[in-house]
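Take a look at the structure below.
So you know, we letter chains A, B, ... as the sequences are listed, proteins then strands, and number each from 1. FYI, side chains are in, hydrogens and waters are out, and symmetry mates aren't considered; it's all heavy atoms of this structure.
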Amino acid sequence: MAITRPRGTGDILPGDIYKWHYVEDAFRKICREYKYEEIRTPIFEHTELFERGVGDTTDIVEKEMYTFLDRGGRSITLRPENTAAAARAYMESSLIAGPQPVKLYYIGPMFRYDRPQAGRFRQFHQFGVEVFGANDPGIDAEVIAMTMNFYGRLGLKELELRINSVGCPKCRSVLREKLLEFFRPSLDQLCDNCKGRYQRNPLRILDCKSARCGELAAGAPTTLKCLCGSCAEHFEAVKKYLELLNIPYIVDSSMVRGLDYYTNTAFEIMAPDIGAQSSIGGGGRYNGLVEACGGPSTPGIGYALGIERIILTMERQGIAFPPPFTVDVFVAAAGSQAEEEALRLLFELRKNGISAEKDYMKRSLKAQMKYAGKLNPRYTVLLGGDELDRGVAGLKDMSSGIQEEVPLNSLVERIKRR
RNA sequence: GUGGAUGUAGCUCAGAUGGUUAGAGUACCAGAUUGUGGCUCUGGGGGUCGUGGGUUCAAAUCCCAUCAUCCACCCCA
């Protein structure tokens, strides 16, 4: 084997692709029902888009981007997520001038230079939606409800929905002051990572996974306690709508989005038993994003779901996928005259919308039957010299094994009827 | 970026203490009387033992490096 696939990538082979088609179809369907329209943005963008739209203090931008110079000397980056690109397209196109809100969805590959592990890859795939132009808490509830509804349709169980509100920049400057004050006495006891966070972004100390920082953060002021009047009202409305829609949630005030343009609602969905990378989806409101990317102040909210993790969770939970497609008819032929008739019949079947296959390996009739058994068609048509002379063919039902003679000129109709 | 485990046929794995042409199951292909699948039986093809060095009379087996996979940390989907 000369060349292998790059690290952290994977081939989705024919034996697995039906699972992807199934979840992709389910996602497209729910998007239609919620009136979201598909957008396809480039796989690569100017690096600057992500530096501004994702945030240059995030791990994604600091150490996980696939960035390179193209032949024209431009800095290009393989998209690590799709929200910034959607915002870019929204501004760059006429969408921003049309009726609001603009509700978009996407499906596609994302790239992050991470170390692979269970449920984490360098090229991975996401479903996502983005809503631009509406700040109504009803939209927050809608996108959350939509993800939970989608998971529910796939049959996923024991999921945990966590929500939080990070408020607006005003709320956060209040919180920032309180946090600096709170951690000042224990500053030298924080992990090295958090010492840096103390200066740059004290909010992120709250979701540090180190045990010591967790202890020190106990009783720290949370975003929820610092919400201004309108942000508190917004969060209450979102929770009320979720209750109205019978969607259970838990408020997790340690879940923070550290950047200025993330505002108000943040949420994440966790699945048990798929390893350490248990988040199968997450999202939130980003009222400052469009402006950060150079556009007018525009509210927005969205989420992204990991397709690999969804499929992994379904497999771990023993959820059955609809069986993969199998061919309707196999055409077997014995002898060279029959071979010609087989080819003619094969294309006639296909022309009539019946999926059909024949042997191309010069197999014996017996071997053709074995091969047919593997393709698992509903019927096998058998063509031989004797039958051809009489203008008939054998039609064998492969599950019952029952075979009957059918006139060649009525074969297609006969198969269509069943 | 850090740490641990692993790397032998397409796949799942055997191959104590280094010793002749490297094995099994499965998959693939072909046979088991005249033109017919799923079961069974027989036979066959297929491996530079991840790669590169080193130790040795001799290495899949020991040592080093490297690459890759898996798992975890960081972080995220």
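For M369(A) and G31(B), the CE to P distance is 15 Å, given to the nearest whole Å.
One can find a donor-acceptor pair under 3.5 Å joining the base of G35(B) and the side-chain atoms of E387(A). Contact of R115(A) with C74(B) (side chain to base): no donor-acceptor pair of N or O atoms is detected under 3.5 Å. For C76(B), the base has a donor-acceptor partner in the side chain of R309(A) [N/O atoms by modelled type, under 3.5 angstrom].
Across all strands shown, A372(A) has no heavy atoms under 4.0 Å from either base or sugar-phosphate atoms.
Ion pairing between E404(A) and R414(A) holds under the 4.0 Å rule for side-chain N and carboxylate O.
Between F127(A) and F27(A), the two ring planes are parallel [angle under 30°; tilted spans 30° to 60°].
Annotation: side chain of K351(A) is not in contact with side chain of V412(A) (no heavy-atom distance under 4.5 Å).
One finds the CG atom of L245(A) at 10.0 Å from the CD1 atom of I144(A) (value rounded to the nearest 0.5 Å).
For the residue pair E130(A)/T83(A), the side-chain donor-acceptor check at 3.5 Å is satisfied. Looking at S165(A) and T265(A), their side chains never bring a donor and an acceptor atom within 3.5 Å of each other.
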Problem - Dot-bracket pairing map - RNA chain B, Watson-Crick plus G-U, both contacts under 3.5 Å, | cross-strand - result: (((((((..((((.....[...)))).(((((.......))))).....(((((..]....))))))))))))....
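Listed pair K396(A) / G37(B) fails the phosphate criterion, with no side-chain N or O lying under 4.0 Å from OP1 or OP2.
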